[in-house]
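Notes to accompany the following structure.
The analysis underlying the following values was restricted to heavy atoms, covering all of them including side chains, and did not include hydrogens, waters or symmetry mates. Letters A, B, ... mirror the listed sequences (proteins, then strands); counts begin at 1.
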Number of protein chains: 2
Amino acid sequence: MTDGPTINTIAARAGVSIASVSRVLNGLPTRQETVRKVMAAAEELGYVRNAVARSLKSRRTHQVAFAMADIGNPVYLAMVRQIQPVLKAAGYRLVLHSTDAIAADEIDVLRSLGERYVDGLIMSPLRVTDEHLRTLAAARAPVVIIGSVPDGTRVDNVRADSRTGVRLALDHLHQLGRRRIGLVNGPLDTVPGASRGAAYAEALGALGLPYDEDLVEIGDFYRQEGARAAAALLTRRPDVDALMCANDLIALGAVDVLRASGRRVPADVAVVGMDDTDLAAASWPSLTSVSLGSAERGKAAAELLLDRLLNGEREPRVVTVPPRLLVRASTSGREPTPQYTAVPSEPRTTDGAAG
Amino acid sequence: MTDGPTINTIAARAGVSIASVSRVLNGLPTRQETVRKVMAAAEELGYVRNAVARSLKSRRTHQVAFAMADIGNPVYLAMVRQIQPVLKAAGYRLVLHSTDAIAADEIDVLRSLGERYVDGLIMSPLRVTDEHLRTLAAARAPVVIIGSVPDGTRVDNVRADSRTGVRLALDHLHQLGRRRIGLVNGPLDTVPGASRGAAYAEALGALGLPYDEDLVEIGDFYRQEGARAAAALLTRRPDVDALMCANDLIALGAVDVLRASGRRVPADVAVVGMDDTDLAAASWPSLTSVSLGSAERGKAAAELLLDRLLNGEREPRVVTVPPRLLVRASTSGREPTPQYTAVPSEPRTTDGAAG
DNA sequence: TTGTAGGCGTTATCAC
DNA sequence: GTGATAACGCCTACAA
């Protein structure tokens, strides 16, 4: 663990100048003999390039940051899983930030781009405040935002379409003959909560169903909160025959409550979740869920960022990932063939525990 | 997005030398008037320190890397969730590596420490080969290994104890009156597979139960592989009354198969998983699982590393995290109060989708 | 208290 | 081809 060798060390050892060492190491045209000497010296000394010095000179770190609200949330993990390999293939490292959904922290991350420790940033903020937009405009490195920003914002942007997603779910439930479809939503002051609430009302209208506020309950995006909210809704409207849930965790909580109340899923009440996290396929009954394409959004964001790193001056682009309805047992009643999609199909990956 | 200001820019603007600027920015004793001028100039110019130049000089990046086998695996995610906040609190950034369980990639990560883009590394290798050990000994930055290394290896090391873990599970099953306890294991050439297999045999012996190779089936650490292996075992031994599974995914696959074969869980066959991933609590019936303390191991590793970064020359330390049996419905038959442990209890974290 | 100058390890531009 | 030499942005003796 002593101080590593530098090109100076090598130059001395090989009896050449540091310029020659650098040339050899970078594959620039050099006399064979020199190449040999330098390579030999580098080999013997166990030389490794210093990435920091390199970055200072080249103004490139080959690092990209991903800032998410909560590293514990499966949705972001699905994104990380896609982002990581894309960046890795392009020779970039991934730096992770978890902002705990605090706006100030997100702003901080944006500002810290000025430190130049990364070449770019992918960020998935919970809300987009004016301050976000201002800081964004002044950002010192390319940024890709996952989540909607106001039209006209000059930034690469990857969006989900939860409006269509909710519509898909309600159409499905309607086709199954359900007419008293409840909504268990998250807080309305979050972007997803607001948009899903509005989409629910709109979809009901399109189906010719009345909007009944007794059928709507607000909780939070957790299993327990979902359970609580579902229970409240069931008390008010024991005749509900379907529950649209604003995410999978809420849906799992709803299933818990339905089961506890002696109702069968889906025979008595059909349940639809959202986000299609790993838990949807793993639960029993498996959960019908609207995928908002977390994985695709992550991949698209990584690709947008890489593209901009190569081509800094192109126009900002907006990518919208279409939703997809994954019908499983919680609405169809037929449990699909067991198939687990949580882990990639690489052979020989184990669970990493030792002992 | 033009070139950011440097201390030179500020010095010019404030009419002082770069040394004074640096002093002010670092809070060294300076005349009030100078401080004022420098701060004003810095403010106006929107100055942000360049982390790369800083690192070159200070030889510290304030970054730490975490190398895991597979970013898709819940076990590693549990570790990342703990590692991240610990590092963040200490002012370190987290760089993520996913090595796809390829030994050569892991060696690469170890070697790349010479590039000095991080101050230290936490690594959770699948197997520890001689080359790992050699590269480890020559590593140019502090490393913490999660997973067992040979005794005497001079490296900070965090271990699970799957031997005791398997023992806990088998004791539990035995107490429930189960006597024909099968094992659905992963590949024997992985560290976890080997140790869990041995632990199973040992625990049976301690309980006075015979070892019957018909009760043991090898698959891989995935749900589908687990299902296949469980099916094979059931065909051979239809009278099995409990299944010990080498991880949660295998256990979920086993439950699928048991259900498909008309057996009740746990009435006919009790099932125990391992690792206590989020899926264990989320599935139905909820899964009894042996926690090997992934979260604790992650936290311990981060703390060991931080400690060494402060105190480079202390003796290597070995931390062993004790296992814990979490009894749930797949063995006890009583479904516990719905409670979701996948996400932290921070309020107001949403699922991050927008639209 | 402040400024000058050297160095952290590389890359790149010059002459030679 | 090769070797001095000047950046990259910052910190820090040392000198003034």
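- Ionic pairing of A:K88 and B:D105 is present here: one or more N-O contacts between side-chain nitrogen and carboxylate oxygen are shorter than 4.0 angstrom.
- Remark: A:R49 is not in phosphate contact with C:dT10, judged by side-chain N or O atoms under 4.0 Å from OP1 or OP2.
- Salt-bridge formation is detected for the pair A:E115/B:R93: a Lys NZ or Arg NE/NH1/NH2 atom is positioned less than 4.0 Å from an Asp or Glu carboxylate oxygen.
- Sequence order on DNA chain C of the closest nucleotides to A:P5 and B:R31 puts B:R31 first from the 5' end.
- Residue-level contact check: B:S55 touches neither bases nor backbone, having no heavy atom under 4.0 Å from any strand.
- The distance between atom CD of B:E115 and atom P of C:dT10, rounded to the nearest whole Å, is 11 Å.
- Side-chain atoms of A:R23 lie closest to C:dT13 of the nucleotides D:dG9, C:dT13, D:dC10.
- What separates CD of A:Q32 from P of D:dT2 is a distance of 10 Å, to the nearest Å.
- Within 6.0 Å of atom NZ in B:K37, more than 12 heavy atoms from other residues, nucleotides or ligands are found, so the atom counts as buried in its surroundings.
- Checking C:dT11, C:dT2, D:dG9 against every side-chain atom of B:N50, the shortest atom distance belongs to D:dG9.
- Among the nucleotides D:dA4, C:dG9, C:dG3, the one closest to the side chain of A:A19 is D:dA4.
- Straight-line distance from the CG atom of A:L28 to the C1' atom of C:dT11: 10 Å, rounded to whole Å.
- Within the nucleic acid shown, B:I18 comes within 4.0 Å of at least one base atom, counting heavy atoms only.
- Look at B:D119 and B:R59 and you find no salt bridge, because none of the NZ, NE, NH1 or NH2 atoms lies under 4.0 Å from a carboxylate O.
- The residue A:S22 sits close to a base: some heavy atom pair falls under 4.0 Å.
- Taking atom CD of B:E33 as the reference point, atom C1' of C:dT2 lies 14 Å away to the nearest angstrom.
- Rounded to whole Å, atom P of C:dC8 lies 8 Å from atom CG of A:N8.
- Within the nucleic acid shown, A:N26 comes within 4.0 Å of sugar-phosphate atoms alone, with no base atom in reach, counting heavy atoms only.
- The nearest whole Å value for the distance from the NZ atom in A:K57 to the P atom in D:dT5 is 16 Å.
- Rounded to whole Å, the distance from NZ on B:K37 to C1' on C:dT2 is 11 Å.
- OP1 and OP2 of D:dG9 both lie 4.0 Å or more from every side-chain N or O belonging to A:Y117.
- Comparing B:T34 and B:A53 along DNA chain C, the residue whose closest nucleotide (by nearest heavy atom) sits nearer the 5' end is B:T34.
- Relative to the side chain of B:V16, the nucleotides C:dG3, C:dA12, C:dT10 differ in distance, and C:dG3 lies closest.
- In the set D:dC10, C:dG9, C:dA12, D:dC10 carries the atom at the smallest distance from any side-chain atom of B:I7.
- Using a 30° and 60° split on the angle between ring planes, B:Y92 and B:H62 fall in the tilted class, from 30° to 60°.
- A side-chain N or O of B:N26 and one of B:R49 form a donor-acceptor pair less than 3.5 Å apart.
- For B:S20, whose side chain is taken as the heavy atoms from C-beta onward, the closest listed nucleotide among C:dG3, C:dC8, D:dG1 is C:dG3.
- Here B:T6 does not reach the OP1 or OP2 of D:dG9: none of its side-chain N or O atoms lies under 4.0 Å away.
- For the OP1/OP2 pair of C:dT11 and a distance below 4.0 Å, the side-chain nitrogens and oxygens of A:R59 include no atom meeting the criterion.
- The CD1 atom of A:I10 sits 17 Å away from the C1' atom of D:dG3 (whole-angstrom rounding).
- Taking only side-chain nitrogens and oxygens, B:R54 comes nearer than 4.0 Å to OP1 or OP2 of D:dC11.
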